[in-house]
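In what follows, every chain begins at residue 1, and chains take the letters A, B, ... in the order their sequences are listed.
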Amino acid sequence: MKISEVVNKTGLEALTSWDDEELTGVYISDMVSDIITGATGCGLLLTLQTHKSLIAAANLVDVGAVVFARDKRPAADVVELAEKAGIALFSTPVDTWSYAAKLFELGMR
Amino acid sequence: MPDELLSRSFTIHGRDFERAGEASTEIKSLLKELEIDPAVIRRTVVIAFEAEMNVVMYADEGTVTFVLTDEDIGVEIADRGPGIPDLDLALQEGWSTATDEMREMGFGFGMGLPNIRRNSDEFSVKSRVGEGTVVSSRISLDGAP
């Protein structure tokens with residue numbers, strides 16, 4: 001599924017610029033050590049963590065887009081790092097489970 | 001003797017969360033440019049990242065040395081820091097001495113050293129309390145230890 005479809009149909013707010021890449025899957029975690037071993041090539045990472053090391057970890061496992069649940073927003077320097085790494089950042093007002101349900105309803109598996 | 005193709009060394013500073021992950025990111029780019037097998041890159045990156053985070057979280061300063069030969073990849077992390085009093089405990093999944101602050105950031109779930117060991121073909125850790133810790137890891141390029 002394309003990022004644009006997910007953005008439009010789940011009501012995401014973009015925090016960085018983004019390319020309309022294909023999302024291959026979803027990974028949900030707030031543990032950095034878990035992300036670094038489990039999120040490889042997942043496409044979309046759904047998390048509550050907003051710090052720099054999260055972006056470093058996401059970049060290392062080739063995550064294309066990060067969605068922060070519950071309206072979480074990273075600091076400006078974190079957004080800048082993500083822009084440099086080519087990782088698209090988005091925010092959703094809903095909690096992790098509600099957002100996961102939206103993705104599932106959309107047909108993401 | 002295997003031929004050494006490339007080596008790099010990075011200094012990591014304790015508590016420097018700002019730059020945490022930079023060394024592993026650079027190692028990943030180098031391996032990608034050389035078209036190393038993606039599975040080998042993934043394992044190397046997990047090792048380098050966990051090692052870097054261990055230095056940032058617990059030590060004063062450390063050096064990550066990365067060596068690529070035509071047979072394998074070696075990653076050695078030597079730090080100056082508190083050391084690990086009980087290595088068996090530290091290698092146990094889920095055991096951690098992380099602070100609440102580190103846990104809130106999604107660290108300190110006791111996955112660091114176990115992740116490094118699991119992704120290595122050869123692994124060793126030596127530590128002296130009050131002096132520091134040396135973690136050595138080797139990843140074979142052909143997937144066999």
- Message: Check whether B:Lys28 reaches the backbone of A:Asn59 with its side chain - one donor and one acceptor, N or O, closer than 3.5 Å.
- Response: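 It does hold such a pair.
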More than 12 heavy atoms from other groups under 6.0 Å of [atom1] on [X]:
{"X": "B:Arg103", "atom1": "CZ", "result": "yes"}
{"X": "A:Lys2", "atom1": "NZ", "result": "yes"}
{"X": "B:Glu35", "atom1": "CD", "result": "no"}
{"X": "A:Arg70", "atom1": "CZ", "result": "no"}
{"X": "B:Glu4", "atom1": "CD", "result": "yes"}

[X]-[Y] co-clustered via ILVMFWY side chain contacts under 4.5 Å:
{"X": "A:Leu54", "Y": "B:Val56", "result": "yes"}
{"X": "B:Phe109", "Y": "A:Ile35", "result": "no"}
{"X": "B:Met105", "Y": "A:Val63", "result": "yes"}
{"X": "B:Val45", "Y": "B:Val40", "result": "yes"}

- Message: Between B:Phe107 and A:Gln49, is there a side-chain heavy-atom distance shorter than 4.5 Å?
- Response: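 No, their side chains stay 4.5 Å or more apart.
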- Item | Note, B:Met111 side chain near A:Val32 side chain (heavy atom, < 4.5 Å) |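 B:Met111 does not reach A:Val32 side chain to side chain.
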Measuring from atom [atom1] of [X] to atom [atom2] of [Y], what distance do you get when rounded to the nearest 0.5 angstrom?
{"X": "A:His51", "Y": "B:Glu104", "atom1": "NE2", "atom2": "CD", "answer": "10.5 Å"}
{"X": "A:Ile36", "Y": "B:Ile47", "atom1": "CD1", "atom2": "CD1", "answer": "11.0 Å"}
{"X": "B:Thr25", "Y": "A:Ile55", "atom1": "OG1", "atom2": "CD1", "answer": "11.5 Å"}
{"X": "A:Asp34", "Y": "B:Asn115", "atom1": "CG", "atom2": "CG", "answer": "9.0 Å"}
{"X": "B:Phe17", "Y": "A:Lys52", "atom1": "CZ", "atom2": "NZ", "answer": "13.0 Å"}
{"X": "B:Met102", "Y": "A:Ser53", "atom1": "CE", "atom2": "OG", "answer": "11.5 Å"}

Please look at [X] and chain B and tell me whether the side chain, the backbone, both or neither of the residue comes under 4.5 angstrom of a heavy atom of that chain.
{"X": "A:Asp77", "result": "side chain"}
{"X": "A:Asp30", "result": "backbone"}
{"X": "A:Ala85", "result": "neither"}

- Task: Please report the closest heavy-atom contact between A:Ala56 and B:Ala20, naming both atoms and the distance.
- Result: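 Smallest heavy-atom distance, with atoms named: CB-O, 3.8 Å.
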- Query: Quick one: what part of B:Glu52 sits under 4.5 Å from any heavy atom of chain A, side chain, backbone, both or neither?
  - Reply: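 For B:Glu52, there is no contact with chain A at all, as no heavy atom is under 4.5 Å.
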- Contact residues of residues 66-79 of chain B (partner chain A; heavy-atom separation under 4.5 angstrom):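 Within residues 66-79 of chain B, no residue comes under 4.5 Å from chain A.
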